[in-house]
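Following: one structure in structure tokens, then a few remarks.
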Amino acid sequence: MNAPVIGLQRPSLAALHQIERKLLWLSAWMVHHANHVRPNRDGLKVGGHQASCASVVSIMTALYFDRLRPQDRVAVKPHASPVFHAINYLFGRQTVEKMAGLRQFGGAQAYPSRVKDGAEVDFSTGSVGLGVAITSFASLIQDYVRLHGLADETHPPGRHIAIAGDAELDEGNIYEALLEGWKHDVRNVWWIVDYNRQSLDSVVQDRLFGRFEGLFGDMGWNVVRIKHGRAQLAAFARPGGEALRAWIDDCPNSHYAALTFQGGAAWRAALLGDLGRDAKLRKIIDPLTDDELSHLMTNLGGHDIETLLDAFAAADADGDKPTCFIAYTIKGMGLPFAGHKDNHSGMMTADQMAEFREQMGIRDGHEWDRFEGLSLPASEMERFIAECPFAQPLTPTGRALSAPVVPVPPAAPTLKLAGRTMSTQTGFGEILGEIGRAAGPWKEICDRIVTSSPDVTVSTNLGPWVNRRGLFDRHIRNDVFRDSKVASLQRWGMSPQGQHIELGIAEQNLFLLLGAAGLSQSLYGARLFPIGTVYDPFVNRGLDALIYACYQDARFLLVSTPSGITLAPEGGQHQSVNTPLIGMAQDRLASFEPAYVDELAILMRHAFAHMQAPDGSAVWLRLSTRGLAQKQRTLDVDAVIAGAHWVVEPGAAAPIALAYQGPVAPDAEAAFELLREDVPNAGLLAITSPDRLHAGWLAVQRTRRGGRPAISHVERILAPLAPGAALVTVLDGHPSALAWLGGVAGQRVIPMGVDRFGQSADIPDLYRDYQLDADAILDACAQALLPR
Ligand SMILES: Cc1ncc(C[n+]2csc(CCOP(=O)(O)OP(=O)(O)O)c2C)c(N)n1
Ligand SMILES: [Mg+2]
């Protein structure tokens with residue numbers, strides 16, 4: 001790594017060194033200001049990570065001010081947020097007010113957030129590991145939209161870059177993503193590991209390093225080790241230098257960190273203790289002052305701009321192969337707690353800050369000035385920054401691209417339902433299969449659908465769609481079984497035109513893919529309708545990645561099926577209980593559970609519109625494998641979308657209503673027929689979304705608190721019932737999903753549902769044991785009608 005710097009002239013290098021210095025100052029100052037300068041009203045520590053920032057300043061300087069092009073997309077490790085904001089500030093894309101408001105209401109977010117910080121953030125980060133992994137899936141999506149001719153091709157394809165903390169490599173989702181990336185032959189991905197060998201609690205084990213190189217290499221990545229800076233390499237080249245190199249290589253991480261913190265005298269004592277009799281080595285270190293020795297020993301590759309530039313330029317020249325850079329760094333480099341094992345949340349004291357300010361040449365009142373304390377004239381700095389490739393605008397309005405809204409036909413493709421027994425899962429497969437004919441008004445939407453599933457494509461009924469639209473792969477790969485004339489319902493030929501991305505069984509990968517695909521309009525200017533299918537219980541397995549996708553406001557359709565104990569024979573861990581509650585609690589995800597296929601068709605059509613609406617979101621459909629006798633009826637479309645519709649309207653001041661959700665419908669209907677014999681004016685309510693009902697109810701309460709009149713769908717729906725009426729609610733999921741309904745109009749709820757693990761059985765036995773059958777529902781109605 002001692003080659004001459006490719007492509008950069010000395011004056012530019014000088015500017016880069018100034019920027020590196022400025023980013024170190026601004027990131028440290030931003031955190032200091034938030035914690036010690038700004039008034040604090042609640043006594044809470046504001047926090048921030050000066051050491052994590054200092055660790056990565058050189059890497060980010062080399063990247064943003066030399067190598068990055070406007071079309072590249074970056075996930076910045078969460079704790080480097082202040083460095084990221086400072087970089088944008090230098091590019092004129094961030095304000096002092098936002099930086100001075102770091103971690104404050106309306107200010108820069110603690111960790112980069114697409115939704116809150118705006119379009120300069122390509123990928124939000126915070127939950128470590130996910131931001132790294134999503135870059136791999138985003139790269140796959142970039143290939144997808146380009147090969148399908150859907151992308152804005154004003155720019156050449158970008159590279160997807162994660163600036164990762166080394167502890168992020170402990171997260172399992174990284175390895176799931178690596179494996180999937182290998183299968184899909186991803187390219188244009190760089191992961192730059194800030195290898196400071198420190199996490200939050202501790203110093204990383206020494207033996208771990210070799211594992212990383214091996215793992216990435218096995219997955220087809222180039223691994224570039226950026227271990228030593230030029231000063232160290234120059235010392236190694238001198239007589240006796242190899243002994244120094246060997247000493248550094250053998251020095252345990254924790255010892256190295258401790259010596260870094262202790263400084264030059266400690267380095268000298270340690271080196272002399274081990275190598276004091278080596279006359280050649282003494283010639284290298286003896287002439288150095290303590291400060292110079294300290295500088296030499298901490299001159300790691302990740303802090304040496306020239307070394308970093310060379311490494312990045314060489315990898316760039318090497319093509320599009322995924323590349324992992326292991327950049328050796330020191331956590332807290334350049335700050336008083338460099339290398340200290342407790343420095344993760346450590347902050348400079350006021351005295352230390354005063355000294356640092358002095359060192360940086362910052363005058364009082366000029367802390368935020370862009371070029372304060374630098375040795376190059378401001379005009380030269382301005383010119384250099386303006387000429388950086390990354391400074392060139394991606395669009396006139398920033399880094400976010402956009403794509404026009406695709407009109408959604410007024411109704412979903414019609415299925416012949418009359419007289420059929422069908423589950424919502426089958427209905428989903430058939431409706432999507434119809435859309436997959438790509439005929440008539442659904443053609444454009446069809447062309448923009450991309451489906452994916454973690455090894456449950458067939459068992460979630462995506463088969464008909466995949467047979468029509470094919471599997472996506474950058475290369476044409478024939479269906480071997482088909483070519484060999486082995487009969488199968490599934491046709492699995494792969495091509496760049498395919499529209500289904502088959503994933504291995506890791507559910508986090510599904511949600512990372514949906515997250516990336518759901519940002520495609522903003523990242524690549526290509527409108528996609530990503531649809532992912534998964535077994536409902538295993539939403540839990542990918543939950544953090546699902547939340548992560550929603551946090552970024554990705555737009556996708558999640559179809560989870562089968563669900564609940566209605567899945568029956570598959571047993572307890574396949575039978576989901578908590579998912580309706582996740583659907584309610586998750587922001588930016590509109591969740592539904594239709595019982596019948598006519599409702600499903602309405603909701604699927606709605607999903608395509610909701611995914612595109614400015615105030616829309618991702619959509620979740622919880623489906624079932626239980627076949628229900630389908631109905632011929634006319635539905636109130638708006639009510640189905642708003643979350644509930646009366647199947648049988650209650651008579652005036654009815655004392656009771658029965659509300660069901662999902663595949664328990666036939667049992668609720670049977671109970672209702674018997675109930676009506678005693679209470680002729682009882683009502684039967686179909687709930688299609690506790691999530692939408694509840695969200696609508698909360699929203700109008702906020703509106704009313706603001707002094708404006710409003711009424712929610714659920715209030716309107718429940719209004720015909722008598723004031724003290726009883727509501728019996730039933731779903732195949734946790735009963736609390738509907739128990740809140742009693743709070744809307746002060747009605748009494750008997751909540752039925754599942755609050756224990758399921759088990760293998762058939763539906764009659766399970767519904768009896770878990771009290772979801774008609775008898776149990778009727779008993780609940782009787783209980784509800786008892787005088788209080
Ligand atoms: C999923 C998750 N678990 C835990 C945390 C809390 N946490 C924040 S940073 C961190 C360690 C970070 O270490 P590293 O990635 O090496 O970053 P650096 O040393 O550069 O600060 C931990 C455990 C988190 N943000 N996300
Ligand atoms: Mg670290």
Side-chain angles (χ1 to χ4, degrees), residues 23-24 27-28 31 45-60 63 74-84 103 109-113 123-135 162-177 191-206 208-209 211-212 226-227 253-254 256-258 260-261 298 300-303 324-335 337-347 508 511-512 515 541-549 551-552:
L23 294 179
L24 180 63
S27 57
V31 174
K45 176 184 167 181
V46 179
H49 303 85
Q50 290 172 332
S52 303
C53 289
S55 178
V56 81
V57 154
S58 316
I59 294 172
M60 289 178 72
L63 196 62
V74 191
V76 177
K77 71 167 188 173
H79 303 80
S81 167
V83 184
F84 172 75
R103 295 180 166 231
Q109 297 298 296
Y111 308 120
S113 159
F123 303 104
S124 304
T125 54
S127 178
V128 298
L130 297 176
V132 182
I134 200 171
T135 55
I163 302 165
D166 51 341
E168 297 199 67
L169 299 184
D170 284 336
E171 290 286 0
N173 80 277
I174 295 272
Y175 302 96
E176 297 178 355
W191 289 357
I192 305 169
V193 181
D194 174 1
Y195 195 52
N196 57 30
R197 292 147 290 152
Q198 284 187 253
S199 58
L200 192 160
D201 283 337
S202 60
V203 178
V204 172
Q205 280 214 16
D206 301 288
L208 207 54
F209 169 73
R211 305 295 101 205
F212 292 145
I226 311 176
K227 184 161 184 180
N253 287 344
S254 39
Y256 209 87
T260 300
F261 177 69
T298 57
L300 300 182
H303 294 303
C324 173
F325 300 87
I326 312 243
Y328 280 67
T329 55
I330 286 164
K331 194 155 171 170
M333 180 68 173
L335 305 182
F337 38 59
H340 195 289
K341 76 179 184 57
D342 302 336
N343 65 9
H344 184 75
S345 308
M347 253 175 249
Q508 294 237 24
F511 292 115
L512 287 168
R541 188 66 177 266
L543 189 55
D544 196 24
L546 169 61
I547 294 170
Y548 177 61
Y551 183 65
Q552 308 202 66

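We use all heavy atoms of the structure for the numbers below, so side chains are in, but hydrogens, waters and symmetry mates are not. Note that ligands are numbered from 1 as they come in the structure, with each ligand's atoms numbered from 1 the same way.
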Self-check item: Per atom 24 (C) of ligand 1, closest listed option by heavy atom (Gly126, Ala167, Ser52, Gly131)
Solution: Gly126
Quiz item: Out of His344, Glu171, Lys77, whose heavy atom sits nearest atom 20 (O) of ligand 1?
Solution: Lys77
Beyond-backbone contact of [X] with [Y], side-chain heavy atoms, under 4.5 angstrom:
{"X": "Tyr548", "Y": "Ser127", "answer": "no"}
{"X": "Leu512", "Y": "Ile134", "answer": "yes"}
{"X": "Phe84", "Y": "Ile163", "answer": "no"}
{"X": "Tyr111", "Y": "His49", "answer": "yes"}
{"X": "Leu130", "Y": "Gln508", "answer": "yes"}

Quiz item: For ligand 1, which part of Asp166 has a heavy atom less than 4.0 Å away: the side chain, the backbone, both, or neither?
Solution: both
Quiz item: Backbone, side chain, both or neither: what part of Val56 comes under 4.0 angstrom of ligand 1, heavy atoms only?
Solution: neither
Distance from [atom] to nearest protein heavy atom, with residue and atom:
{"atom": "atom 18 (P) of ligand 1", "result": "Lys331 NZ, 3.4 Å"}
{"atom": "atom 26 (N) of ligand 1", "result": "Val128 N, 3.1 Å"}
{"atom": "atom 17 (O) of ligand 1", "result": "Gly165 CA, 3.8 Å"}
{"atom": "atom 22 (C) of ligand 1", "result": "Leu200 CD1, 3.6 Å"}
{"atom": "atom 9 (S) of ligand 1", "result": "His79 CE1, 2.8 Å"}

Quiz prompt | Angle in degrees, rounded to 10°, that OD1 of Asp166 and O of Gln198 form at the Mg ion (ligand 2) | solution = 110°
Quiz item: Relative to the heavy atoms of Glu168, which atoms of ligand 1 are at a distance of less than 4.0 Å?
Solution: 15 (O)
Self-check item: Those atoms of ligand 1 less than 4.0 Å from some heavy atom in Asp194
Solution: 20 (O)
Got a donor-acceptor contact below 3.5 angstrom from the [X] side chain to the [Y] backbone?
{"X": "Lys331", "Y": "Ser199", "result": "yes"}
{"X": "Ser81", "Y": "Pro78", "result": "no"}
{"X": "Arg197", "Y": "Ile330", "result": "no"}
{"X": "Asn173", "Y": "Ala133", "result": "no"}

Practice problem: Please assess Met347 against Val31 for the test side chain to side chain contact (heavy atoms under 4.5 Å, CB included), listing each intermediate value before the final yes or no. | Solution: CA-CA 8 Å; Met347 253 175 249; Val31 174; 4.0 Å; yes
Quiz item: Would you say Asn196 has any N or O atom under 3.5 Å from an N or O of ligand 1, going by distance alone?
Solution: yes
Practice problem: Can you confirm whether something in the protein, heavy atoms only, sits under 4.0 Å from atom 5 (C) of ligand 1? | Solution: no
Quiz item: Has Ser55 got an N/O/S atom less than 2.8 Å from the Mg ion (ligand 2)?
Solution: no
Exercise. Please determine if the Mg ion (ligand 2) has an N/O/S atom from Ser52 lying under 2.8 Å away.
Key: no
Quiz item: Under a heavy-atom criterion of less than 4.0 Å, does Ser127 contact ligand 1?
Solution: yes
Quiz item: Hey, which of Asp194, Leu23, Val76 is the one that makes side chain to side chain contact (heavy atoms under 4.5 Å, CB included) with Val56?
Solution: Asp194
